[in-house]
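These values consider heavy atoms only, across backbone and side chains, with no hydrogens, waters or symmetry-generated copies.
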Amino acid sequence: MKTKLLFTISFLCITIFTFAQTTISGKVVDQKGKPVTGANIYIDGTYDGATSSETGDFSFETTSTGNQFIIISFLLYETFKKEIDVTNFKNQTVKLRENVNALDAVVITAGTLESGDKARVSVLKPLDIVTTAGSAGNIIAALQTLPGTQTVGEDGRLFVRGGEASETQTFVDGIRVAQPYGATTNNLPTRGRFSPFLFSGIAFSTGGYSAEYGEALSSVLLLNTQDEPDMNKTEIALMTVGLGLGNTQKWKKSSLSVNTAYINLAPYQAVIPQNVDWNSPYQSLSGETVYRYHFTNGIFKLYAAFDASKFDLNQKNINFEDKIRTDLNNNNFYLNASYKGTFGTGWQLTSGISYGYSVNKIKYDVNDVDNDENAAQLKLKLRKSVSDYFKLSFGADYFITKFNENFDNNANIQTSNGYDSNIAAFYTEGDILFSKNLAAKVGFRLSNNSLLNETNIAPRASIAYKVSKSSQFSFAYGDFTQTPVVDYIKYSKYHQFESEKARHYILNYQFTKPGQTFRAEGYYKDYSNLVQYDTRDIAYNSVFNNNGSGYAKGLDLFWRDSNLYKNLEYWISYSYIDSERQYKNFPTMATPGFIGNHSLSIVTKYFITDWKSQIGFTNSYSSGRPYNDPNQTQFMNGKTKSYNSLSFNWAYLLTTQKILYFSVSNILGSQNVFGYDYAKLPDANGVYQRQAVVPTADRFFFLGFFWTISKNKNDNQLKNL
């Protein structure tokens with residue numbers, strides 16, 4: 001009897017246990033219906049689960065009952081979590097979405113060229129900015145080896161895709177720099193104010209950029225200071241053109257970097273002949289500093305830079321028998337404070353304020369021109385990760401600019417001009433990730449200009465599609481507005497101006513794999529509302545209007561490779577541009593004088609281990625640029641000869657921390673001509689005489705000794721050369 005009872009109880013327990021087991025089954029596939037092998041499937045909170053087979057199928061039993069959460073996960077896909085009825089989940093097909101945050105996910109690249117360790121797609125490395133032959137440590141000169149730029153040797157600033165240099169705005173840590181270039185005068189090239197010493201990344205947008213940035217018709221240059229220096233160190237530079245000193249100190253949560261330089265070209269120009277008659281060659285004292293403090297959820301940066309420079313020279317002018325003397329003194333100061341951090345659930349805050357001050361005291365023979373500019377920006381930006389597929393950004397800017405200029409010819413004429421401008425802007429933008437292969441960015445910028453008494457709305461949109469693991473297409477569209485340059489609006493008390501406008505269309509293809517990058521980009525820019533005037537030279541009594549227009553269209557190609565030969569890196573940039581404008585005092589549509597239809601740059605860098613040396617060559621070429629010959633009936637009918645310059649540099653490691661650096665630009669001594677200045681009146685024979693605009697010197701030689709002092713004996717200044 002007991003045996004029978006024990007058997008009955010055992011049978012009932014086995015029966016109950018057997019019937020309590022429920023089978024879960026199905027198939028795991030991707031969005032294209034292809035099976036996903038090795039996915040992990042389980043009931044949340046239990047050990048019941050399985051792994052998908054080669055066909056994506058899975059099946060397992062569970063003792064769980066009722067509604068439960070099933071979880072399916074795999075490395076390259078988003079985790080799938082869904083509440084199910086355990087009893088009814090059989091032979092179900094589950095589609096996994098690709099993880100849009102994967103490293104190989106699509107990223108919009110139309111119009112953007114980046115460098116830096118944080119760049120998802122980098123065409124330059126930080127080291128390239130300063131080791132490119134011919135750049136002489138100038139960020140702007142290095143960028144001129146990239147497609148979309150024009151080499152305008154008599155100016156030195158960034159000219160991008162048919163745009164004037166003033167159409168490019170510079171930002172440090174997202175905050176605008178109102179005076180990014182050093183002081184200069186007619187046909188004397190300038191340099192960017194910022195050394196590459198303190199910057200870890202650069203984003204150079206040749207068009208179609210984010211709604212976050214305004215007041216630029218053609219381009220924005222974004223410079224990002226280092227978040228964290230590598231170590232405590234002191235850096236010393238002894239150069240043929242001056243001296244440099246830098247120091248970095250790190251603490252637990254903060255760090256401070258300081259560098260200063262004194263430049264004096266007098267000793268150099270006493271040895272090397274110049275095409276300029278100097279009374280007092282260029283001199284400058286400059287410095288930069290960055291203080292950083294790391295909070296728990298963010299970082300605060302304080303950046304400051306100053307530059308005091310002067311020069312005195314005599315320039316020949318075709319309209320005068322005697323040379324014109326120009327004596328210039330410039331003082332510039334820039335301060336930038338920014339904070340970037342996170343708060344709440346998925347919110348990111350970026351805020352900052354900048355202040356720039358520039359004062360020029362210029363003496364043209366008996367004429368005195370003094371001007372000063374105060375410029376500030378306040379910025380606030382919020383970004384919210386709504387989901388892995390959608391991120392929303394919105395923010396506001398406020399620009400304040402005050403400019404004053406006084407003219408005195410030491411006779412009977414004294415005038416004063418200037419303006420006060422306040423621009424308030426709001427922008428919003430959404431980043432949409434449809435999948436790992438498809439992304440879009442859509443937004444707009446709304447701005448109000450108190451000086452021009454107008455409000456503009458500028459939509460922006462871009463989309464990117466990844467066609468393979470290594471290649472993708474991008475398209476960008478945008479409307480852009482900009483206040484006319486100071487040469488015009490300083491006469492605002494006499495005239496009413498409007499914002500100049502440009503519309504961009506950009507189609508980009510990019511191929512990247514380790515050691516290789518290829519970019520092809522076609523673009524079209526439509527200009528409207530450009531300023532025109534009716535006099536030979538700009539003056540207060542010129543009649544201005546905003547009826548000017550123009551276009552720029554072209555193709556940019558870029559190829560970079562480091563796989564061809566060990567220790568060799570090179571890149572090739574080619575640009576074709578077709579551009580015409582009717583603006584300024586142009587009587588008809590014509591190509592501006594700073595544009596050459598074809599540009600080609602070839603940059604090579606090779607490290608010779610046995611010589612402990614890095615050598616580099618850069619060859620820059622551009623086809624002839626147009627100029628107007630008043631002796632001919634057709635406007636802008638002349639064309640200069642082609643521009644060509646081959647530059648060389650050599651960095652030799654004396655010891656690990658001591659470097660000897662030599663460079664020479666235009667090593668072949670090409671006799672380049674940038675254009676011609678013509679007399680305002682014809683001579684007795686009815687001919688307008690001219691003079692060529694040529695470089696200040698046929699070549700530029702540079703020799704420097706750089707010494708790094710740090711506990712890490714392997715660190716050196718090669719990255720700063």
Review point. Just wondering, more than 12 heavy atoms not from Lys641 lying within 6.0 Å of its NZ?
Key: yes

Revision key, fill the gap. Nearest heavy-atom approach of Ser665 to Ser647 is CA-OG, 3.3 Å

Check your understanding: Does the Arg560 side chain pair with the main chain of Thr517, one donor and one acceptor, at a distance under 3.5 Å?
Key -> no

Review point. Do Tyr652 and Tyr661 make the cut of ring centroids closer than 6.0 angstrom?
Key: no

Exercise for review: Would you tell me whether Ser613 and Trp650 have side-chain atoms, one donor and one acceptor, within less than 3.5 Å of each other?
Suggested key: yes

Point to revise | Side-chain touch Ile506/Tyr524, heavy atoms, less than 4.5 angstrom | key: no

Revision key, fill the gap. Residues at least two apart in sequence or cross-chain that pass ring pair (Phe, Tyr, Trp, His ring centres under 6.0 Å) with Tyr293, listed by chain then number, are Phe295

Check your understanding: Among all residues two or more places apart in sequence or in another chain, which pass the ring pair (Phe, Tyr, Trp, His ring centres under 6.0 Å) test with Tyr621?
Key -> none

Exercise for review: Answer yes or no: is there a donor N or O on one side and an acceptor on the other, between the side chain of Asn563 and the main chain of Pro514, under 3.5 Å?
Suggested key: yes

Check your understanding: In Å, rounded to the nearest 0.5 Å, how long is the span from CZ of Arg191 to CG of Asp307?
Key -> 10.5 Å

Exercise for review: Grab the two heavy atoms, one from Phe706 and one from Met239, that are nearest each other, plus how far apart they are.
Suggested key: CZ-CG, 4.2 Å

Practice item. Keeping the roles fixed (side chain from Thr149, backbone from Val160), state whether a donor-acceptor pair exists under 3.5 Å. Key: no

Point to revise | Phe594 ring center within less than 6.0 Å of Phe159 ring center | key: yes

Check your understanding: Which is it for Ile615 and Phe648 under the side-chain contact (heavy atoms from CB on, under 4.5 Å) test, yes or no, and what are the steps along the way?
Key -> CA-CA 7 Å; Ile615 61 172; Phe648 167 77; 4.2 Å; yes

Revision key, fill the gap. For Ile577 and Ile595, the nearest pair of non-hydrogen atoms, with its separation, is CG2-CG2, 3.8 Å

Check your understanding: How about Thr225 and Lys301: does a side-chain donor come under 3.5 Å of a side-chain acceptor?
Key -> yes

Review point. Between OG of Ser575 and CZ of Phe558, what distance do you get to the nearest 0.5 Å?
Key: 11.0 Å

Point to revise | Donor-acceptor side-chain pairing of Thr206 and Ser219 below 3.5 angstrom | key: no

Point to revise | Distance (rounded to the nearest 0.5 Å) between Ser257 OG and Tyr291 OH | key: 12.0 Å

Exercise for review: Kindly indicate, with the supporting measurements, whether the criterion side-chain hydrogen bond (donor to acceptor under 3.5 Å, both in side chains) is fulfilled by Ser710 and Gln657.
Suggested key: CA-CA 9 Å; Ser710 67; Gln657 294 193 306; 2.9 Å; yes

Exercise for review: Verify whether one side chain among Lys525 and Ser218 offers a donor that lies under 3.5 Å from an acceptor in the other.
Suggested key: yes

Check your understanding: Between Thr145 and Ala142, is there a donor-acceptor pair closer than 3.5 Å when you use the side chain of the first and the backbone of the second?
Key -> yes

Check your understanding: With distance as the sole criterion, is a donor-acceptor pair present between the side chains of Asn597 and Ser623 under 3.5 Å?
Key -> no

Check your understanding: Among Tyr213, Tyr334, Tyr303, Phe204, whose ring-ring contact (aromatic ring centres under 6.0 Å, His included) with Phe171 holds?
Key -> Tyr213

Practice item. Mark yes or no for whether Asn672, through its side chain, and Tyr643, through its backbone, hold a donor-acceptor pair below 3.5 Å. Key: no

Exercise for review: Let me see the working for Tyr570 and Asp561 under side-chain contact (heavy atoms from CB on, under 4.5 Å), right down to the final yes or no.
Suggested key: CA-CA 6 Å; Tyr570 69 95; Asp561 176 50; 3.3 Å; yes

Point to revise | Non-hydrogen atoms of Tyr339 and Gly298 that approach each other most closely | key: OH-CA, 3.6 Å

Practice item. Could you tell me whether the side chain of Val693 reaches within less than 4.5 Å of the side chain of Val673, counting heavy atoms only? Key: no

Review point. With a 3.5 Å cut-off and no angle check, do the side chains of Trp559 and Tyr574 form a donor-acceptor pair?
Key: no

Practice item. Could you tell me the separation between the CZ atom of Phe701 and the OG atom of Ser663, rounded to the nearest 0.5 Å? Key: 10.0 Å

Review point. So do Tyr465 and Asn437 actually touch side chain to side chain, heavy atoms under 4.5 Å?
Key: yes

Review point. Got a donor-acceptor contact below 3.5 angstrom from the His504 side chain to the Leu217 backbone?
Key: yes

Check your understanding: Quick one: CG on Leu223 to CD1 on Ile139, what's the gap to the nearest 0.5 Å?
Key -> 5.0 Å

Review point. Under a 4.0 Å N-O cut-off, is there an ion pair linking Glu228 with Arg292?
Key: no

Review point. Just by distance, do the side chain of Lys553 and the backbone of Ser579 share a donor-acceptor pair under 3.5 Å?
Key: no

**Study point:** Worked verdict on Ser474 versus Gln472 for side-chain hydrogen bond (donor to acceptor under 3.5 Å, both in side chains)
**Key:** CA-CA 7 Å; Ser474 296; Gln472 67 171 53; 3.3 Å; yes

**Study point:** Side-chain ion pair, Arg383 and Glu212, N-O less than 4.0 Å
**Key:** no

Study note, to complete from the structure: Separation between NZ (Lys612) and CG (Leu653), nearest 0.5 Å, reads 7.5 Å

Practice item. Please tell me if the side chains of Glu521 and Leu507 come closer than 4.5 Å, counting only heavy atoms from C-beta onward. Key: no

Check your understanding: Would Asn666 and Asn644 count as a side-chain contact (heavy atoms from CB on, under 4.5 Å) if you check the C-alpha gap in whole Å, the side-chain angles of each, and the deciding distance to 0.1 Å?
Key -> CA-CA 8 Å; Asn666 192 24; Asn644 196 76; over 6 Å; no

Point to revise | Side-chain donor or acceptor of Asn259 paired with backbone N/O of Asn247 under 3.5 Å | key: no

Exercise for review: State, yes or no, whether a side-chain contact exists between Asp556 and Arg161 at a heavy-atom distance under 4.5 Å.
Suggested key: yes

Review point. Can Arg625 and Glu154 be counted as an ion pair, charged N to O under 4.0 angstrom?
Key: yes

Exercise for review: State, without any angle test, whether Tyr262 and Gln283 hold a side-chain donor-acceptor pair at a distance under 3.5 Å.
Suggested key: yes

Check your understanding: Mind checking whether Phe473 and Tyr509 have parallel, tilted or perpendicular rings, split at 30° and 60°?
Key -> tilted

Practice item. Kindly give the heavy-atom pair with the smallest separation between Tyr523 and Tyr576, and that separation in Å. Key: OH-O, 3.9 Å

**Study point:** Asp698 (side chain) donor-acceptor with Gln671 (main chain) under 3.5 angstrom
**Key:** no

Review point. For atom CH2 of Trp611, is the number of surrounding heavy atoms from other residues, nucleotides or ligands below 6.0 Å larger than 12?
Key: no

Practice item. Search all heavy atoms of Leu285 against all heavy atoms of Phe306 and return the closest pair with its distance. Key: O-CE1, 3.5 Å

Check your understanding: side-chain contact (heavy atoms from CB on, under 4.5 Å) between Ile602 and Thr618: does it pass, once the steps are laid out?
Key -> CA-CA 6 Å; Ile602 302 174; Thr618 298; over 6 Å; no

Check your understanding: Between Thr350 and Gln348, do the side chains contain an N or O donor and an N or O acceptor separated by less than 3.5 Å?
Key -> no

Point to revise | Validation row: Leu256, Trp251 side chains within 4.5 angstrom (heavy atoms) | key: yes

Check your understanding: Does Thr248 reach the main-chain N or O of Lys233 with its side chain, forming a donor-acceptor pair under 3.5 Å?
Key -> no

Exercise for review: State, with a plain yes or no, whether a side-chain heavy atom of Leu188 is found less than 4.5 Å away from one of Thr696.
Suggested key: yes

Practice item. Using a 4.5 Å cut-off on heavy atoms from C-beta on, say whether the side chain of Thr170 contacts that of Leu158. Key: no

